[in-house]
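Report on the structure given below.
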There are 2 protein chains.
Amino acid sequence: MRKEDSTNLANQLFLHKSCKVNEALDLISGRWKALILIYISEETNRFSLIKAVLDNKISDQTLGRQLKDLEISNLIEKEILPGFPVRVNYYLTKKGKALLPILDALDKWTEQYHETKLSSDLE
Amino acid sequence: MRKEDSTNLANQLFLHKSCKVNEALDLISGRWKALILIYISEETNRFSLIKAVLDNKISDQTLGRQLKDLEISNLIEKEILPGFPVRVNYYLTKKGKALLPILDALDKWTEQYHETKLSSDLE
DNA sequence: CAGAATCCCTTGGGATACTG
DNA sequence: CAGTATCCCAAGGGATTCTG
């Protein structure tokens, strides 16, 4: 295979495959989005509980935005409970649930390769 | 389980599990990083080839930074070839290779759930 | 309680020009 | 060829305040 061919092949990869990876990453690359998804997966959650589990290190404004982003991305949905004051429950969609194993894989990957700086890294 | 307990449990999850997911995402969330990793996986690559495969939509400056980031993250390594002008080959490390299946999973996930906006999303 | 409005600041990435 | 230096801009996220 000549060099031009391999370049063309690579262009195919870029156009047809790689872009989709970035699509996925865009949806979960928010500062807190993956954390929110993982936490919501554990149990039904309300706004203030999610904030609490994030150690209150996220502002209301930011949490609201991230939740809205996740909703727009169709990863979560919310149910507004009747009564006052207003309470809201957040759920994962099927799409969101399908992402959990991948987030778990990322977690395991980080754990496995955490600070390996050995010459044996190249195989 | 009382509410306080579940909150505490969630705090454990946050501290022990979720942070690592973000560690991983931080390494690959650069605008081009996942794309670069996928392309490098296909074959040995040089700076200008990587740029070409990205359709020249990335500036030299940015490409240099992303490659350096990936190197610092220990996802790739480079080999400087003797001679002039200088040529450089980039390789995936074991850590980087281990990430490919996950990137592939993200790709498949995107494809599978691309624009599903149905009420059946909630199961 | 669950957010939206406003304001501000940091960061990432683009463009261009230069170098060993 | 493979970068680095410099400059710039848009976007993301934080803090605070306000509201239904």
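Because the structure is predicted, anything quoted here is derived from the model rather than measured. Sequence lines set the chain letters: A, B, ... in the order given, protein chains first and strands last, and positions in each chain run from 1.
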Pi-cation contact, A/Trp109 with B/Lys95 (under 6.0 Å, within 45°):
yes
For the residue pair B/Lys57 and B/Trp32, would you count it as a cation-pi contact if the rule is NZ or CZ under 6.0 angstrom from the ring centre and within 45 degrees of the ring axis?
no
To the nearest Å, how far apart are [X] [atom1] and [N] [atom2]?
X       : N      : atom1 : atom2 : value
A/Leu67 : C/dC1  : CG    : C1'   : 14 Å
B/Asp55 : C/dG14 : CG    : C1'   : 16 Å
B/Ile76 : D/dG3  : CD1   : C1'   : 13 Å
B/Gln66 : D/dA2  : CD    : P     : 17 Å
B/Ile28 : C/dG13 : CD1   : C1'   : 18 Å
A/Asp60 : C/dC7  : CG    : P     : 19 Å
A/Ile40 : C/dA2  : CD1   : P     : 12 Å
B/Leu54 : C/dG14 : CG    : C1'   : 14 Å

Between A/Val86 and A/Ile58, just flag the one whose closest nucleotide in DNA chain D comes earlier from the 5' side.
A/Ile58
When A/Leu63 and B/Lys78 are each assigned the nearest nucleotide of DNA chain D, the 5'-most assignment goes to B/Lys78
Counting side-chain heavy atoms from CB outward, which of [options] is closest to [X]?
X       : options               : result
A/Trp32 : D/dG14, C/dG14, C/dC1 : D/dG14
A/Phe47 : D/dA2, C/dA2, C/dT16  : C/dA2
A/Arg46 : C/dG3, C/dC1, C/dA15  : C/dC1
A/Val88 : C/dG13, C/dA2, D/dA2  : C/dA2

Phosphate OP1/OP2 of D/dG3 contacted by B/Tyr90 side-chain N/O (<4.0 Å):
yes
Return no unless some side-chain N or O of A/Lys68 is found under 4.0 Å from OP1 or OP2 of C/dA4.
yes
On a plain distance test, is the side chain of B/Gln61 in donor-acceptor contact with the base of D/dT6 below 3.5 Å?
yes
Measure distances between side-chain N and O atoms of B/Arg65 and base N and O atoms of C/dG12, and say whether any donor-acceptor pair falls under 3.5 Å.
no
Between B/Tyr113 and A/Lys94, which heavy-atom pair has the shortest distance, and what is it?
OH-O, 3.9 Å
For B/Thr62, which contact category applies under a 4.0 Å heavy-atom criterion: base, sugar-phosphate, or nothing?
base
Taking 4.0 angstrom as the limit, do B/Lys108 and B/Asp104 come out as a salt bridge?
yes
Applying side chain to side chain contact (heavy atoms under 4.5 Å, CB included), run through B/Ile36 and B/Ile38 and close with a yes or a no.
CA-CA 5 Å; B/Ile36 292 171; B/Ile38 290 173; over 6 Å; no
